[in-house]
Amino acid sequence: MTPIRIFVTGRHAHRMPLSYPALRPLFEGRVIRVEDPAEADLYVLAHVMDVDQAPRAMIEDWRRRRRPVVVLSEEPFWDTIWGTRPLQREIRVDSRFGALPVVQLIHTTCDIFRFRRIPYYLLTNPRFERAYAAMFARNAARRPEDWSRDWAERRAGITFMFERRPEGYHDVDWPEEDLAGLCAWRTRLAEALPEPLSERLGRSWQGGQSRFDLDDWHADKLARLDGRSRMIGAFENTHQPDYVTEKLFDAFACGALPLYAASPWHRVHELGLPQDSWLNLHDLAPIMAAARILQARPDPEAYAEAQARLAALMGDAALWAEERAALGARVLAALEEVLGG
C-alpha cells in the first residue's frame with residue numbers, strides 16, 4: 001500500500017495521534033512526514049487555531065494542488081471553544097493568507113477516538129499504563145474496611161485540581177450530540193464548596209508553577225493526590241460520550257471517590273464500574289451538585305469492586321497493545337477516507 005505523505009504544521013502539532021512517540025510505530029511505513037508541503041498528500045494540523053498561522057508555502061501549495069487540509073484534533077475543548085462548529089465535518093477557516101476548506105477529524109465527526117475498552121488519551125504515553133498498573137494492583141489488595149478507615153483519616157475531604165475557568169463562554173452546548181462545555185460549570189461547583197470543606201489546587205487557584213513546566217506533570221499529580229482526599233473532582237473539560245481522559249482514573253488510583261459528570265449515553269458507563277463507586281453529578285446546577293457531594297457517603301464495598309475491575313483492565317498489557325493497534329487502524333482508515341473523498 002502506498003504510504004500517505006503528510007505535511008504537519010502548527011504549535012499544537014505534538015498533540016495528535018500521529019505525533020506521540022508511543023503511537024508512532026503504528027504508522028511506520030504507512031504515514032510519512034514531509035518537510036515540503038508540495039510533497040504532501042495531506043496537510044495536517046492539530047488545532048483549528050493553527051490554520052490561521054499556517055505557513056505561506058502551504059497555502060500557496062493548496063491553491064495550486066487543492067490537497068485536503070485536515071484538523072486532527074484530540075480535544076473537544078479546542079473544537080468547541082475555538083472551532084465553534086464541532087458538528088460539521090467540513091468547514092472554512094481563515095488564515096493569514098486567505099480562507100481554507102478544512103476537514104475536521106474530531107470526536108464528533110469520525111470514529112478515531114471511539115475506543116474499545118481503554119480510552120484514547122491513556123494510549124498516548126506509557127506513563128499512564130505503568131502508573132495505573134502499579135497503583136490499581138496496590139489498591140485491589142485493599143479490603144472495604146481498609147477504605148473506610150483510610151477515608152476517615154484523610155487530611156482533606158474534597159480536592160479540586162483543574163484550571164479555574166469561570167468565563168461564561170465556556171458554557172457551550174450541543175444537546176443533539178450530548179456535547180457540552182464543563183469548565184465554567186466545574187469552576188462554579190468548586191467555588192460553591194469553600195474551604196475548609198474543600199481545597200482547590202493548581203496555578204490558576206493558588207499561583208505558582210505551571211504543570212506544563214514539569215518534567216512529568218502526571219507523576220507529580222499522582223504524588224500530590226495519592227491518599228490525600230476522600231473525594232477528587234475528576235470532571236472533564238468537555239462532556240462528549242467518547243471523551244474520557246486520565247482524570248477519572250487518577251481519582252480512583254489515588255484512592256478517592258471520583259466526582260464526575262456523565263449522561264446516560266456517556267461511554268464511561270461501559271467501563272463496568274459499580275454505580276456507587278463514583279459520584280455522577282450530570283445535569284445538576286452547581287449549587288445542587290455541591291449539596292449532593294456533601295450528602296454523599298462512599299460505599300466501600302462498591303469501591304473495592306471498582307478497584308479490582310480497574311486492576312484487571314489496566315494490568316492487561318495485551319489489551320493495551322490491542323487498543324493501540326485498533327486506534328492506529330482507525331486513524332489510517334480516516335486519512336484514507338479523506339484522500340478518497
message: Are D220 and D216 packed together at the side-chain level, in the sense that at least one heavy-atom pair is separated by less than 4.5 angstrom?
response: no
query: Is it the case that more than 12 heavy atoms not belonging to R117 sit under 6.0 Å from its CZ atom?
result: no
- request: Kindly determine whether E236 and T245 satisfy side chain to side chain donor-acceptor pair (under 3.5 Å), including the steps that lead there.
  value: CA-CA 7 Å; E236 308 291 357; T245 67; 2.6 Å; yes
statement: Residue pairs meeting salt bridge (charged side-chain N to carboxylate O under 4.0 Å, His left out), one or both in residues 253-273, sequence neighbours left out, come to D242-R267, R267-E270
query: Can R309 and E305 be counted as an ion pair, charged N to O under 4.0 angstrom?
result: yes
query: For T238, what residues pass the side chain to side chain donor-acceptor pair (under 3.5 Å) criterion, not counting sequence neighbours?
result: none
- prompt: Would a distance-only check, ignoring hydrogens and angles, find a side-chain to backbone donor-acceptor pair under 3.5 Å from T80 to F77?
  reply: yes
query: Is V244 close to F115 at the side-chain level, that is, under 4.5 Å between some pair of heavy atoms?
result: yes
- request: Applying side-chain contact (heavy atoms from CB on, under 4.5 Å), run through L225 and L201 and close with a yes or a no.
  value: CA-CA 10 Å; L225 298 184; L201 307 180; 4.0 Å; yes
query: For the side chain of E75 and the backbone of W78, is there at least one donor-acceptor N/O pair under 3.5 Å apart?
result: no
query: Taking side chain as C-beta onward, heavy atoms only, is N280 less than 4.5 Å from H266?
result: no
query: Do H269 and W278 have ring centroids that are under 6.0 Å from one another?
result: yes
Residue pair L26 / V331, side-chain heavy-atom distance below 4.5 Å: no
message: Are the side chains of L259 and L279 in contact, using a 4.5 Å heavy-atom criterion?
response: yes
query: Do M231 and W151 have side chains that get closer than 4.5 Å, going by heavy atoms?
result: no
Short side-chain to backbone donor-acceptor contact, Q104 and Q88, under 3.5 Å: yes
query: Under the side-chain contact (heavy atoms from CB on, under 4.5 Å) criterion, do I158 and S229 qualify, and how do the steps go?
result: CA-CA 6 Å; I158 309 161; S229 309; over 6 Å; no
message: Does anything in residues 310-325 form a salt bridge (charged side-chain N to carboxylate O under 4.0 Å, His left out)? List the pairs, not counting sequence neighbours.
response: E129-R324
statement: For F136, the ring pair (Phe, Tyr, Trp, His ring centres under 6.0 Å) test, sequence neighbours excluded, returns Y132
- prompt: Within the side chain of H239, is there an N or O that forms a donor-acceptor pair under 3.5 Å with the backbone of L182?
  reply: no
message: Could you check whether any side-chain N or O of W265 sits under 3.5 Å from a backbone N or O of E177, counting only pairs where one atom can act as donor and the other as acceptor?
response: no
message: Can a donor-acceptor pair be found, under 3.5 Å and without considering hydrogens, that links the side chain of T9 to the backbone of A54?
response: no
message: Can you confirm if the aromatic rings of Y243 and Y120 lie within a centre distance of less than 6.0 Å?
response: no
query: Hey, is the main chain of Q53 close enough, under 3.5 Å, to the side chain of R96 for a donor-acceptor pair?
result: yes
task: Could I get the full list of side chain to side chain donor-acceptor pair (under 3.5 Å) partners for Y20, not counting sequence neighbours?
output: R15, E74
Between CD1 on residue I4 and OG1 on residue T2, distance to nearest 0.5 Å: 9.5 Å
message: Can you confirm whether more than 12 heavy atoms, excluding those of E28, are under 6.0 Å from its CD atom?
response: no
field: Beyond-backbone contact of W185 with P286, side-chain heavy atoms, under 4.5 angstrom
entry: yes
Donor-acceptor under 3.5 Å (D50 side chain, H12 main chain): yes
task: Could you tell me whether a side-chain N or O of R230 sits under 3.5 Å from a main-chain N or O of A256, the two making a donor and an acceptor?
output: no
task: Show the numbers, then the answer: is there a side-chain contact (heavy atoms from CB on, under 4.5 Å) between I112 and L327?
output: CA-CA 7 Å; I112 287 176; L327 168 65; 4.0 Å; yes
message: So, taking the atom named CG in L179 and the one named CG in L87, what distance separates them when rounded to the nearest 0.5 Å?
response: 6.5 Å
- prompt: Is the side chain of D299 donor-acceptor paired with the backbone N or O of A302 at a distance under 3.5 Å, no angle test?
  reply: yes
task: Could you label the plane-to-plane angle of the F7 and Y43 rings as parallel, tilted or perpendicular, counting under 30° as parallel and over 60° as perpendicular?
output: perpendicular
message: Test side-chain contact (heavy atoms from CB on, under 4.5 Å) on Q240 and I106; report intermediate values, then the result.
response: CA-CA 11 Å; Q240 198 279 336; I106 60 180; over 6 Å; no
message: To the closest 0.5 Å, what do you measure between CZ (F113) and OH (Y121)?
response: 12.5 Å
- request: Can you sort out the partners of D146 under side chain to side chain donor-acceptor pair (under 3.5 Å), two or more places apart, ordered by chain and number?
  value: R143, R149
message: Does any part of the side chain of R200, heavy atoms only, come nearer than 4.5 Å to the side chain of R164, both counted from C-beta?
response: no
message: If the test is salt bridge (charged side-chain N to carboxylate O under 4.0 Å, His left out), which one of R165, R186, R188 qualifies with D171?
response: R188
- prompt: Rounded to the nearest 0.5 Å, how far does CG of D226 lie from CG of D250?
  reply: 10.5 Å
